[in-house]
Amino acid sequence: MAETIHLLPDHIANQIAAGEVIQRPASAVKELLENAVDAEATEIRLIINEAGKSLIQVIDNGKGMSEKDAQNAFARHATSKISVIEDLFEIRTMGFRGEALASIAAVAQVQLKTRRAEDEVGVEVSLENSKVISTSPVAAPVGTSISMKNLFFNVPARRNFLKSNSAELKHILEEFTRVALAFPEIYFNLNNNGQEVYHWEGGSFKQRAIQVLGNSYQSKLVTVGEHTDYLTISGFVGKPETAKKTRSDQYFFVNRRFIKSAYLHHAIANAFEGLIAKDSFPSYILYIDVDPSKVDINVHPTKQEIKFEDDKIIYAFVQAAVKHALAQFSIAPSLDFSLDANIQQLDAIQKPFTEGQVNETSRKSLYEGFTQKNQAHFIPRSDQAGQQDWKSFFTEMPTANQEFIVKSSSMGLYKEDESLSVPEDAFLMQLHQTYIIAPTKSGLIIIHQQLAHERVLYEKYQKASMQPHATQKSLFPVVLELSASDAVLLEEMIEDLANIGYEIEAFGQNSFIIQGIPADVLAGNEKNAIELLLEQFKHFSADLKFSKREKLIRCMARQMAIKAGQNLGQKEMHGLIESLSECDIPNTTASGAPTFIEFNEDYLDRLFSK
Ligand code: ADP
Ligand code: MG
């Protein structure tokens, strides 16, 4: 009996792999251009016919290949760029997976001509169906020329999937532009059906930006430039007047690699908030340079998606850098920080960091970058009356819980409850970081800190859902990715959450972005908080006697309450008791557990009587 498992011949395996790397002519263009860049070319020409369907050729003046390399280059996993796995974390070249040429040779008729400076003659290699069909010496200039004809000639199904020439050409122009923007020092030329389309001399980043965007941008670009030990950001954003109704002219590069990132796009859009219409898109060309070990570019075959070691910090940085640039462009020549009215409206200027954000950032070396006087966040306004001064935020920053409790105590109707009347100057004792022992007018009380706080928050949220609650815009909006069923659940809760201060937006399929959190909730673990909330909510769901809102409020209160095991200072304990005494029903939690137990004098006397 014949065996049923067999190994796929190379050319078929390559064709399958090619499906990931080479989806259309533009993908081949990208790979070939990047190879030319990696070969340190200073001039790169792209020639295409019929939108790349019949011919794609890239000619470079880079370092070329030896005869042997020229033949090996097309083997699967053939690369000169990495050799041990650690190299993956230090990549400074565009390519490294050794898949592009193998993929291209699997789906097109390929001809390579190449010569190194040290060789007198070059070599010409032709391939079809992944096989070398001829090799011969050839007279050639230093550098490499690779041409691929009849893309997908041997995979008709793929060929049929290609779009019209104009659509495929558009993709090619996009890829070409991205590489050209990433490497402005290189001369780029594009020829389509015998006509020169682009001819971009090498120059500065600004010059390349103008070549790509058009001369009209000469006076419409705002330069972005921030440098810290962790990363550098540079490039340009279009002045607000260049914003468009469509997403075009938006480029983001990390270590000179074009990447797609809805998250970072959001950071930039956020920086433009209030400056451009809500339904329009800012144009930008931004470059981030960061130690290669801080990013993972190997998360996607086309390398257009990457993972940052810490994307929140990148987000914050991008946003701050763009804001700073925008603020500067409208600053009067005297540089006296009197900003124009639009800029003054920006959240980042209106609001100092919350302590959570400070805690978060201060742990990072980037912190420095944000605390410099001329950062947009820290531009002091002349009319600061009534606003918390940013300086005092750093010098007398309350701890999270103090702040939390002090704030909550100012809410709610005041209703005197004798048993909770603790003298202001009484010394309170915290026992096992869970119980607070406090003297009262008529005896003593033992308060359960967590349950008491739960009651305080419960009433607060209850009242808040009748009148919208204060929100703090997150400096680090967080993306939440949920299962389909959780996404449906959260979708239903968005409105109620908004009432208590959570600003959450749907963001693609099953994804949400947390834009703002209740003003008195610590920033930083909002993602966790929402996930926990969903979990609790699911457990609660079976309970039909409560409305959705009631369930939500109960979950929130439970989750946000300070926990048993947490150290509290005198001020915090007094604050908590005061807040509790202001509650409508101070003595139990919403679910009926006691929040405190009272021992009045009579009872104590009786205990000690003979
Ligand atoms: P990768 O770029 O991931 O290494 P490729 O399949 O794109 O893989 O290329 C394989 C190898 O062929 C490269 O590592 C490089 O050594 C060589 N090569 C490809 N294109 C060129 C070029 N234009 N000039 C010089 N060498 C090249
Ligand atoms: Mg490559």
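In what follows, every heavy atom counts, from backbone to side chain, and hydrogens, waters and symmetry copies are set aside. In this chain, numbering begins with 1 at the start of the sequence shown. Order of appearance sets the numbers: ligands from 1, and atoms from 1 within every ligand.
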| task | Could you tell me whether some N/O pair between Thr79 and ligand 1 is separated by less than 3.5 angstrom? | result | yes
| said: Is the ring pair Phe281/His265 parallel, tilted or perpendicular, if the boundaries are 30 and 60 degrees? | reply: tilted
| note | Numbered in order shown, the ligand 1 atoms found under 4.0 Å of a heavy atom of Ala73 are 10 (C), 12 (O)
| query | Are a donor atom and an acceptor atom from the side chains of Ser66 and Asp119 found within less than 3.5 Å of each other? | reply | no
| field | Thr144 N/O to ligand 1 N/O under 3.5 Å | value | yes
| Does at least one non-hydrogen atom of Gly98 fall below 4.0 angstrom from an atom of ligand 1? | yes
| Met65 heavy atom under 4.0 Å from ligand 1 | yes
| Out of Ser103, Ser80, Ala105, who gets a non-hydrogen atom closest to atom 15 (C) of ligand 1? | Ser80
| query | Are a donor atom and an acceptor atom from the side chains of Asn150 and Gln109 found within less than 3.5 Å of each other? | reply | yes
| task | State whether the shortest distance between N or O atoms of Asp60 and N or O atoms of ligand 1 falls below 3.5 angstrom. | result | yes
| query | Is there any N or O on Ala100 that sits under 3.5 Å from an N or O of ligand 1? | reply | yes
| Is the Tyr187 ring parallel, tilted or perpendicular to the His199 ring (thresholds 30°, 60°)? | perpendicular
| note | Residue pairs meeting salt bridge (Lys or Arg N to Asp or Glu O under 4.0 Å), one or both in residues 277-294, sequence neighbours left out, come to Lys245-Asp279
| Leu101, Asn35, Ile44: member with heavy atom nearest to atom 6 (O) of ligand 1 | Leu101
| task | Output yes if Thr93 passes the N/O/S-under-2.8 Å test against the Mg ion (ligand 2); output no otherwise. | result | no
| query | For Glu185, does its backbone N or O pair with a side-chain atom of Arg208 as donor and acceptor, under 3.5 Å? | reply | no
| said: Is the distance from the ring center of Tyr198 to that of Phe188 below 6.0 Å? | reply: no
